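I have placed the structure first, in the form of structure tokens, so that the comments after it can refer back to it.
Note that the structure is predicted; figures quoted are calculated from it, not measured. Position 1 is the first residue of the sequence, and the numbers go up from there.
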Amino acid sequence: MPLQFKNELTASAAEQLARDYCCAAEDFLRSENKVTLARTESGQRRFKSGPSFFKAAAMGHGAVISAASEMLEFSSELAKKYDGARLFDQKQIWLINRKLADYNKAISMNSIFYLPATPYKYTAKSGFRLKFYEEAEIVSELYSAEGFSNALLYRPCGTRRDVLAVCAFNGRRIVGMAGASSDSERFWQIGIDVIPEYRGLGLGSELVSALTQAVFMHGAVPYYSTWSGNIASQNTARKSGYYPVWSEIDVSDIE
């Protein structure tokens with residue numbers, strides 16, 4: 001029996017990655033790695049202007065690498081030598097960074113991406129008052145609030161922007177916030193910030209859970225990301241009913 005995606009959301013994530021990486025969704029089920037020429041196409045998640053110089057993603061099987069023409073030969077050699085999971089090991093990360101240094105670039109994202117379990121269930125847990133904000137309200141009412149850069153992009157324009165948020169209040173004070181950015185038309189990424197003195201109370205997972213349900217109600221797919229060293233964020237994902245689905249790396253210019 002051929003391999004299949006775990007559920008509809010996982011299949012949707014593979015379809016999104018296929019757009020991002022200029023490949024087929026089924027490539028993320030294959031054991032072999034695949035290399036594609038990076039290019040800009042409609043429907044992709046947009047984290048920067050133009051195609052990525054080098055990026056890779058894997059959903060537990062073979063990896064797909066999307067690279068600029070200058071990196072295609074190196075990427076092909078890398079894909080032949082290491083299996084999908086090994087591409088994300090520190091030794092291979094070092095090899096990739098050494099090559100990228102020739103172009104004044106380095107890996108700037110090495111993250112794990114999560115999807116919510118389905119069917120998704122949300123139950124309020126804390127006594128904090130929650131308030132939801134739509135896109136226009138975020139700009140007019142929340143951009144003046146500082147200290148929530150993990151929840152908000154603070155970017156009112158462009159394809160990727162803040163489209164939905166939920167805040168927890170203690171009186172009139174915002175003590176926690178979760179925001180969703182329109183990474184693509186269908187996939188909205190959730191970020192979370194809780195001010196230090198209110199951490200450890202379960203507020204982060206409550207905000208993520210509340211926003212997850214709201215994103216579903218808007219007809220989009222909520223997803224969440226963090227990196228290996230951020231244990232607190234990983235715990236928030238788990239407590240919010242999310243599970244890891246894919247790993248991904250991307251690069252940026254060295255400042």
Given the rule in the salt bridge (Lys or Arg N to Asp or Glu O under 4.0 Å) test, do Arg161 and Glu135 qualify, once you have shown the distances and angles that lead to the verdict? CA-CA 9 Å; Arg161 60 193 187 279; Glu135 184 173 348; 2.5 Å; yes
Say whether [X] and [Y], considering side chains only, have a donor N or O and an acceptor N or O under 3.5 Å apart.
X: Asp183; Y: Tyr223; answer: yes
X: Tyr120; Y: Ser240; answer: no
X: Trp246; Y: Glu248; answer: yes

Evaluate the criterion side-chain contact (heavy atoms from CB on, under 4.5 Å) for residue pair Met177 and Cys167; output intermediate values, then yes/no.
CA-CA 4 Å; Met177 183 189 303; Cys167 295; 3.8 Å; yes
Worksheet entry | Arg199 and Glu197 ion-paired at < 4.0 Å |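 No, Arg199 and Glu197 are not salt-bridged.
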Discussion item. Using the ring centroid of each side chain, check whether Tyr103 and Phe53 are separated by less than 6.0 Å.
Written reply: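 Centroid distance Tyr103-Phe53: below 6.0 Å, so yes.
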Assess whether atom [atom1] of [X] is packed by more than 12 heavy atoms of other residues, nucleotides or ligands within 6.0 Å.
X: Lys48; atom1: NZ; result: yes
X: Glu185; atom1: CD; result: no
X: Glu137; atom1: CD; result: yes

Problem - Leu37 vs Ser69, side-chain contact (heavy atoms from CB on, under 4.5 Å): CA-CA, chis, key distance, verdict - result: CA-CA 7 Å; Leu37 176 65; Ser69 57; 4.3 Å; yes
task: Given side-chain contact (heavy atoms from CB on, under 4.5 Å), test Phe113 with Ser247 step by step and report yes or no.
output: CA-CA 6 Å; Phe113 287 82; Ser247 298; over 6 Å; no
query: So, for Gly147 and Tyr154, which heavy atoms are closest and what is the spacing to 0.1 Å?
result: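 Nearest pair, atom of Gly147 first, then Tyr154: N-OH, 4.2 Å.
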- Message: Quick one, Asn110 with Trp227, criterion side-chain contact (heavy atoms from CB on, under 4.5 Å). Give me CA distance, side-chain angles, the key distance, then yes/no.
- Response: CA-CA 6 Å; Asn110 187 357; Trp227 63 96; 5.9 Å; no
Is there a side-chain contact between [X] and [Y] in this structure, where contact means two heavy atoms from C-beta onward sitting under 4.5 Å apart?
X: Arg86; Y: Asp89; value: yes
X: Tyr114; Y: Val245; value: no
X: Leu100; Y: Ile107; value: yes
X: Arg160; Y: Leu153; value: yes
X: Tyr133; Y: Leu142; value: yes

Check: Does Ala56 offer a backbone N or O that forms a donor-acceptor pair with the side chain of Tyr21 under 3.5 Å?
Finding: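 Yes: the side chain of Tyr21 pairs with the backbone of Ala56.
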Item to complete: Would you check if the side chain of Ser52 reaches a backbone N or O of Lys55 as a donor-acceptor pair within less than 3.5 Å?
Response: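 Not a single qualifying donor-acceptor pair exists.
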Q) Honestly, is Lys34 close enough over Phe28, meaning NZ or CZ under 6.0 Å from the six-membered ring centre and within 45° of the axis? A)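 That pair does not qualify as a cation-pi contact.
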**Request:** Could you walk me through whether Arg39 and Glu41 pass salt bridge (Lys or Arg N to Asp or Glu O under 4.0 Å), step by step?
**Result:** CA-CA 6 Å; Arg39 60 184 183 272; Glu41 293 186 352; 2.7 Å; yes
(request) Determine the interplanar angle of the Tyr224 and Tyr242 rings, folded into 0 to 90°, and report it as parallel if under 30°, tilted if 30 to 60°, perpendicular if over 60°. (result)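 Tilted.
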Legend entry - Interatomic spacing from CZ in Arg45 to CG in Asp250 - rounded to 0.5 Å: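 CG of Asp250 is found 9.0 Å from CZ of Arg45.
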